[in-house]
Amino acid sequence: MRLTCRLLFAGCMLWSLSITAAIEPISTSIAVGMAAALTGFLARYQNVLYYFQECCRPEWISYNKSGLKYDLSTKLYGQHVAAQVILKAVTGFMNNENPKKPLVLSLHGWTGTGKNFVSQLIAENIYQKGMMSNFVHLFTATAHFPHEAHINKYKTQLQEWIRGNVSICPRSMFIFDEMDKMHPGLIDSIKPYLDFYDNLNGVSYRKAIFIFLSNAGGEKIVEVALNFWKDGREREEIQLKDLETALSLSVFNNKNSGFWHTSLIDMNLVDFFVPFLPLEYKHVIQCGLAEMVSKGRAPDKEVVETMARDLNYFPKEERVFSMQGCKVIPARLDFYV
């Protein structure tokens with residue numbers, strides 16, 4: 001508040017000097033000199049404001065490719081397909097000064113495979129404040145759109161929220177969690193914002209990022225992973241082409257998905273359907289060790305292995321893939337330490 005008052009005072013002084021210069025030609029040089037000094041003063045204080053208060057400028061929004069690459073390779077376990085696709089997609093989009101449409105990513109897989117975590121990594125490598133940024137917006141279906149009877153109201157609110165925030169900052173990010181629990185038809189209300197338009201009513205959405213998270217399609221991903229395992233093929237041999245088409249069709253035809261018969265898929269507005277593979281025992285161990293470090297503890301592999309063995313896996317006899325992934329680890333680990 002004090003800083004704002006100073007800026008207003010300085011602006012008033014600058015205006016006053018300009019009037020004086022017009023009325024008293026003799027003191028014009030003095031007034032111009034003082035005006036220039038005050039202009040510099042205002043510029044310096046404006047920079048101070050930018051430093052302390054988040055705004056839609058490069059000081060606060062700047063893509064860190066090497067940071068995202070490092071995070072995906074060292075913090076995300078068992079998701080070589082997702083890591084490759086996301087790095088290329090985000091890098092290509094952020095390096096394009098004039099994209100033709102927003103970046104739209106749809107992340108699919110069972111719970112605990114890393115979808116929310118990847119969204120966080122993307123945000124942290126674009127926005128200085130990461131998920132806490134005023135320009136990152138998270139919607140959860142069960143929390144923000146709980147009642148089917150209010151779907152028309154939700155559509156209007158969602159459109160207004162996106163329009164208002166992109167007007168403030170074109171480099172806004174919108175994350176929609178629990179798409180498998182979202183009411184069909186709701187997400188179609190934002191279809192125009194994801195399309196190939198220069199602007200809509202004076203607002204351009206082409207620099208925004210939309211990320212959808214869903215468990216829908218997880219069965220198809222598991223099916224592919226199981227087939228590779230049964231055939232004796234390495235997990236790392238799985239590629240995006242082995243999953244993407246079947247995944248998009250599975251999601252489109254799933255009546256329990258917010259993407260059911262959506263025009264976003266029908267009109268090819270989703271740039272990438274990103275599959276998250278079911279995690280194996282070794283990945284659960286990696287997650288457990290990382291969680292111990294994040295809690296300030298020395299990594300203890302024996303403790304983590306004890307915890308990991310008590311989790312559920314499938315197929316039942318072979319115990320290849322984890323049913324819970326890494327999601328339960330923070331809570332479970334405390335029990336074993």
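When atom types are taken as modelled, the side chain of T156 and the backbone of N152 share a donor-acceptor pair closer than 3.5 angstrom. The closest donor-acceptor contact from the side chain of H183 to the backbone of F145 lies under 3.5 Å. Although no hydrogens or angles enter the test, the distance criterion places no donor-acceptor pair under 3.5 Å between the side chain of E54 and the main chain of K129. Put simply, the side chain of T140 never gets that close to the backbone of T142: no donor and acceptor are under 3.5 Å apart. Remark: the backbone N or O of A141 is not paired with any side-chain donor or acceptor of H144 at under 3.5 angstrom. Under the 3.5 Å distance criterion, the side-chain polar atoms of D271 are matched with a main-chain donor or acceptor of V104. Checking side-chain atoms of Q79 against main-chain N and O of T113 turns up a donor-acceptor pair under 3.5 Å. At distances below 3.5 Å, at least one donor-acceptor pair connects side-chain atoms of T91 with backbone N or O atoms of L87. T245 places no side-chain N or O within donor-acceptor distance of the main-chain N or O of K241, the cut-off being under 3.5 Å. The closest donor-acceptor contact from the side chain of Q159 to the backbone of I190 lies at 3.5 Å or more, if one exists at all.
With F228 as the partner, the side-chain contact (heavy atoms from CB on, under 4.5 Å) test is satisfied by one option alone out of R233, R235, E234: R233. Among L247, V270, L213, the single residue meeting the side-chain contact (heavy atoms from CB on, under 4.5 Å) criterion with S106 is V270.
Taking the six-membered ring for Trp and the full ring otherwise, W110 and F314 have centroids separated by under 6.0 Å.
Interatomic distance, OG of S248 versus NE2 of H108, reported as 8.5 Å (0.5 Å rounding). From E223, atom CD reaches atom OG of S250 across 9.5 Å, with rounding to the nearest 0.5 Å. Rounding to the nearest 0.5 Å places CD1 of I209 at 7.0 Å from CD1 of I122. A distance of 10.0 Å separates CH2 in W161 from OG in S172, rounded to the nearest 0.5 Å. Between atom NZ of residue K207 and atom SG of residue C56 there is a gap of 9.0 Å, rounded to the nearest 0.5 Å. Taking CD of E244 as the reference point, atom CG of D242 lies at 11.0 Å (rounded to 0.5 Å).
In plain terms, the two heavy atoms of N125 and G67 that are nearest each other are OD1-C, 3.1 Å. Residues L72 and V118 approach most closely at CD2-CG2, 4.4 Å, considering heavy atoms. Considering every non-hydrogen atom in both L243 and I221, the closest pair reads CD2-CA, 3.8 Å. The two residues V284 and A308 make their nearest non-hydrogen contact at CG1-CB, 3.9 Å. V304 and I285 make their closest contact through CG1-O, 3.6 Å (heavy atoms, listed as atom of the first residue, atom of the second, distance). Here the shortest heavy-atom pairing between L194 and K101 reads O-CE, 3.2 Å.
Two residues are said to be in side-chain contact when any heavy atoms from C-beta on lie closer than 4.5 Å; Y193 and P102 fail this criterion. Inter-residue side-chain proximity for Q324 and T111 is flagged as unmet; no heavy-atom pair is nearer than 4.5 Å. Counting heavy atoms from C-beta outward, L107 and S119 have side chains that approach closer than 4.5 Å. Looking at F176 and H137, their side chains never come closer than 4.5 Å, going by heavy atoms from C-beta outward. At least one side-chain heavy atom of I238 sits less than 4.5 Å from a side-chain heavy atom of H80. Taking the side chain as every heavy atom from C-beta outward, Y127 and F135 approach each other to under 4.5 Å. Contact check for K115 versus N215: side-chain heavy atoms found under the 4.5 Å cut-off.
Residue-environment remark: CD (E237) exceeds the threshold of 12 foreign heavy atoms within 6.0 Å. Residue E148 qualifies as open at atom CD: its count of foreign heavy atoms under 6.0 Å is 12 or below. Under a cut-off of 6.0 angstrom, the local environment of CD in E318 is crowded, with over 12 non-hydrogen atoms contributed by other residues, nucleotides or ligands. Heavy atoms of other residues, nucleotides or ligands lying less than 6.0 angstrom from NZ of K155 number more than 12. Counted within 6.0 Å of NZ on K88, heavy atoms from surrounding residues, nucleotides or ligands total 12 or fewer; the atom is thus considered open.
One hydrophobic cluster, built from ILVMFWY side chains closer than 4.5 Å, holds both I126 and I168. Follow the hydrophobic side-chain contacts under 4.5 Å out from V320 and you never reach Y77; the two are in separate clusters. The hydrophobic cluster containing L277 does not contain M323, counting ILVMFWY residues as joined when their side-chain heavy atoms lie under 4.5 angstrom apart, directly or transitively. Taken together through direct or relayed side-chain contacts under 4.5 Å among Ile, Leu, Val, Met, Phe, Trp and Tyr, L279 and V274 form parts of separate hydrophobic clusters. Using a 4.5 Å cut-off between side-chain heavy atoms of Ile, Leu, Val, Met, Phe, Trp and Tyr, with links allowed through other members, Y313 and L226 fall into different hydrophobic clusters.
Between E160 and R163, none of the side-chain N atoms (NZ, or NE/NH1/NH2) sits under 4.0 Å from a carboxylate O, so this pair counts as no salt bridge. Looking at K295 and D334, a side-chain N of the basic residue comes within less than 4.0 Å of a carboxylate O on the acidic one, giving a salt bridge. Contact check on K100 versus D198 returns no salt bridge, with no Lys/Arg side-chain nitrogen under 4.0 Å from an Asp/Glu carboxylate oxygen.
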Applying side chain to side chain contact (heavy atoms under 4.5 Å, CB included) to N95 and F93, what does each step give before you reach the verdict?
CA-CA 5 Å; N95 287 342; F93 179 76; over 6 Å; no
Carefully, step by step, assess F212 and I187 under the rule side chain to side chain contact (heavy atoms under 4.5 Å, CB included).
CA-CA 10 Å; F212 302 107; I187 206 65; 3.5 Å; yes
Candidate pair Y63 and V90, rule side chain to side chain contact (heavy atoms under 4.5 Å, CB included), full reasoning
CA-CA 9 Å; Y63 176 53; V90 174; 3.7 Å; yes
Start with the C-alpha distance between V136 and F174, add both sets of side-chain angles, then the distance that settles side chain to side chain contact (heavy atoms under 4.5 Å, CB included), and finish with yes or no.
CA-CA 6 Å; V136 176; F174 302 91; over 6 Å; no
Using side chain to side chain donor-acceptor pair (under 3.5 Å), reason through Y154 and S189 one step at a time and then give a plain yes or no.
CA-CA 9 Å; Y154 295 151; S189 66; over 6 Å; no
Working for side chain to side chain donor-acceptor pair (under 3.5 Å), residues D310 and Y336
CA-CA 11 Å; D310 288 346; Y336 291 87; 2.6 Å; yes
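Between N98 and R206, the side chains place a donor N or O and an acceptor N or O closer than 3.5 Å (distance only, hydrogens not considered). Counting only N and O atoms by type, the side chains of S66 and N64 include a donor and acceptor under 3.5 Å apart. If you check the side chains of N199 and Y205, you find no donor sitting under 3.5 Å from an acceptor.
By the 30° and 60° cut-offs, the orientation of the rings of H150 relative to H147 is perpendicular.
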